[in-house]
Amino acid sequence: MNALTQRPTVDIEQQLISDGRAFLTSAQALTIVTAEDYQRAADVVRQIKARQQAVTNYWQTPKASAKAAHQALCDREKQMLQPLVEAEKAVKDAILGYKRTVEAEAARQREEMRRKQQEEAERLLQAAVDAEAAGDLVGSETNVAMAQMVSDMKVTAPMQTAPVAVGTSTRKVWRVRVTDEKAVPIELAGVTIRPVDMAVLVQLARTTKGTIAVPGVEFYQEEQLSVRQ
């Protein structure tokens with residue numbers, strides 16, 4: 001091995017390749033008939049293993065250099081991607097924020113319409129009571145029927161909805177918030193969750209749709225935006 005290390009790298013590699021082929025040829029032609037053959041075969045195995053170690057040692061430094069170079073490239077890639085990742089998040093947050101605002105306004109409009117509908121139904125019922133008190137039974141029955149009709153009416157207030165941009169979609173995803181790590185049990189429903197395993201907890205939330213109660217843990221849903229390229 002010392003003689004090999006004194007040669008140029010390319011010579012070392014070629015020597016190792018040549019040695020490997022030579023060992024393979026010898027091994028394929030090997031026959032064991034006597035105890036001496038058996039011993040020689042064992043010695044050959046030791047030589048082969050020594051050559052394997054020599055090959056491993058030969059590639060150790062280039063592999064370490066390649067790994068370091070790969071990591072450096074990954075670090076540079078991450079550095080370049082970081083502002084784009086943050087930009088994507090900022091835009092998606094703005095889109096989701098607008099969608100939530102629009103949906104909240106639509107809900108407010110529906111609630112306002114329901115309130116007015118209820119007020120109208122109560123007004124008609126009071127009119128029915130007044131009509132009956134005045135001896136107007138037909139008017140009383142009419143107002144009662146109208147009050148029932150108003151109560152049964154489906155809310156049809158104009159509802160503003162967020163526009164759907166081409167190539168986008170949203171979905172609800174379950175998230176986990178640990179509120180008291182010490183309170184989290186070791187096992188729940190036959191599943192080990194402590195040490196706190198966020199992936200398992202998220203799966204429990206999905207499976208039970210957040211209905212399962214876990215001490216020290218809070219399940220909640222978050223809207224997620226996807227944009228196709």
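All figures in this text were calculated on a predicted structure; none of them were measured in a lab.
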Pairs meeting criterion side chain to side chain donor-acceptor pair (under 3.5 Å) with involvement of residues 175-187, two or more places apart:
Arg175-Glu222, Arg177-Glu218
For Arg108, the option from Glu105, Glu112, Glu111 that meets side-chain hydrogen bond (donor to acceptor under 3.5 Å, both in side chains)
Glu105
Between Pro215 and Ala183, the two heavy atoms sitting closest are CB-O, 3.4 Å
Glu119: which of Gln117, Arg115, Arg123 passes side chain to side chain contact (heavy atoms under 4.5 Å, CB included):
Arg115
Kindly work out whether a path of hydrophobic side-chain contacts (I/L/V/M/F/W/Y, heavy atoms less than 4.5 Å apart) joins Met198 to Val217.
yes
Do Asn57 and Gln53 get their side chains close enough for a donor-acceptor pair, meaning under 3.5 Å?
yes
Does one side chain, of Asp11 or Gln15, offer a donor that lies under 3.5 Å from an acceptor on the other?
no
Report the distance from atom OG of Ser169 to atom CD of Gln224, rounding to the nearest 0.5 Å.
9.0 Å
Near Ile186 CD1, under 6.0 Å, is it more than 12 heavy atoms from other residues, nucleotides or ligands?
no
Between Val176 and Val173, is there shared hydrophobic-cluster membership here, with clusters defined by ILVMFWY side-chain heavy atoms closer than 4.5 Å?
no
Is Thr207 reaching over with its side chain to a backbone N or O of Leu204, donor-acceptor style, under 3.5 angstrom?
no
Any Leu201 side-chain heavy atom under 4.5 Å of Asp197 side chain
no
Under a single-linkage definition using a 4.5 Å side-chain heavy-atom cutoff for Ile, Leu, Val, Met, Phe, Trp and Tyr, are Val196 and Val200 assigned to the same hydrophobic cluster?
yes
Atom pair OG (Ser140) and CG (Leu124), whose distance is rounded to the nearest 0.5 Å
11.5 Å
Through direct or indirect side-chain contacts below 4.5 angstrom among Ile, Leu, Val, Met, Phe, Trp and Tyr, which residues connect to Val227?
Val91, Ile95, Leu96, Leu225
Salt bridge present between Arg40 and Asp37 (N-O < 4.0 angstrom):
yes
Ionic contact status for Glu120 with Lys116, cut-off 4.0 Å
no
Between Gln126 and Glu122: side-chain donor-acceptor atoms closer than 3.5 Å:
no
Do you reckon Ile17 sits in the same ILVMFWY cluster as Leu24, going by side-chain contacts under 4.5 Å, direct or chained?
no
What heavy-atom pair brings Val178 and Val184 nearest, and what distance separates the two atoms?
CG1-CG2, 4.3 Å
Walk me through it: do Asp75 and Gln79 pass the test side-chain contact (heavy atoms from CB on, under 4.5 Å)?
CA-CA 6 Å; Asp75 291 342; Gln79 184 180 18; over 6 Å; no
Interatomic distance, Arg51 atom CZ to Phe23 atom CZ [nearest 0.5 angstrom]
6.5 Å
How long is the gap from CG on Asp130 to CG on Leu125, to the nearest 0.5 Å?
11.0 Å
Closest heavy-atom contact between Glu223 and Thr170?
OE2-OG1, 3.4 Å
Heavy-atom nearest pair, Trp174 first then Val202, reads O-CG1, 4.0 Å
CA sep, side-chain torsions, deciding dist, call: Val144, Gln148, side-chain contact (heavy atoms from CB on, under 4.5 Å):
CA-CA 6 Å; Val144 169; Gln148 184 62 50; 5.6 Å; no
Side chains of Trp59 and Glu13 in contact at under 4.5 Å (non-hydrogen atoms)
yes
Can you tell me how far CD of Glu77 sits from NE2 of His70, rounded to the nearest 0.5 angstrom?
8.5 Å
With distance as the sole test, does Ser18 use its side chain to make a donor-acceptor pair with the main-chain N or O of Gln14 at under 3.5 Å?
no
Of Thr34, Ile32, Val33, which is the lone residue that meets side chain to side chain contact (heavy atoms under 4.5 Å, CB included) with Glu36?
Thr34
Note: Ala131 and Gly139 closest approach over all heavy atoms is CB-C, 4.0 Å
Taking atom CD of Gln203 as the centre, report whether more than 12 heavy atoms of other residues, nucleotides or ligands fall under 6.0 Å from it.
yes
Find out whether Asp136 and Val138 are in side-chain contact, i.e. whether some heavy atom of one side chain is under 4.5 Å from a heavy atom of the other.
yes
Does the pair Phe219 and Ile212 meet the rule for a side-chain contact (heavy atoms from CB on, under 4.5 Å), with working shown?
CA-CA 9 Å; Phe219 296 129; Ile212 190 170; 3.5 Å; yes
Distance check, rounded to the nearest 0.5 Å: Lys209 atom NZ versus Gln221 atom CD?
8.5 Å
So do Leu84 and Glu88 actually touch side chain to side chain, heavy atoms under 4.5 Å?
no
Indicate the atoms forming the closest heavy-atom contact of Leu16 with Ala54, along with that distance.
CD2-CB, 4.0 Å
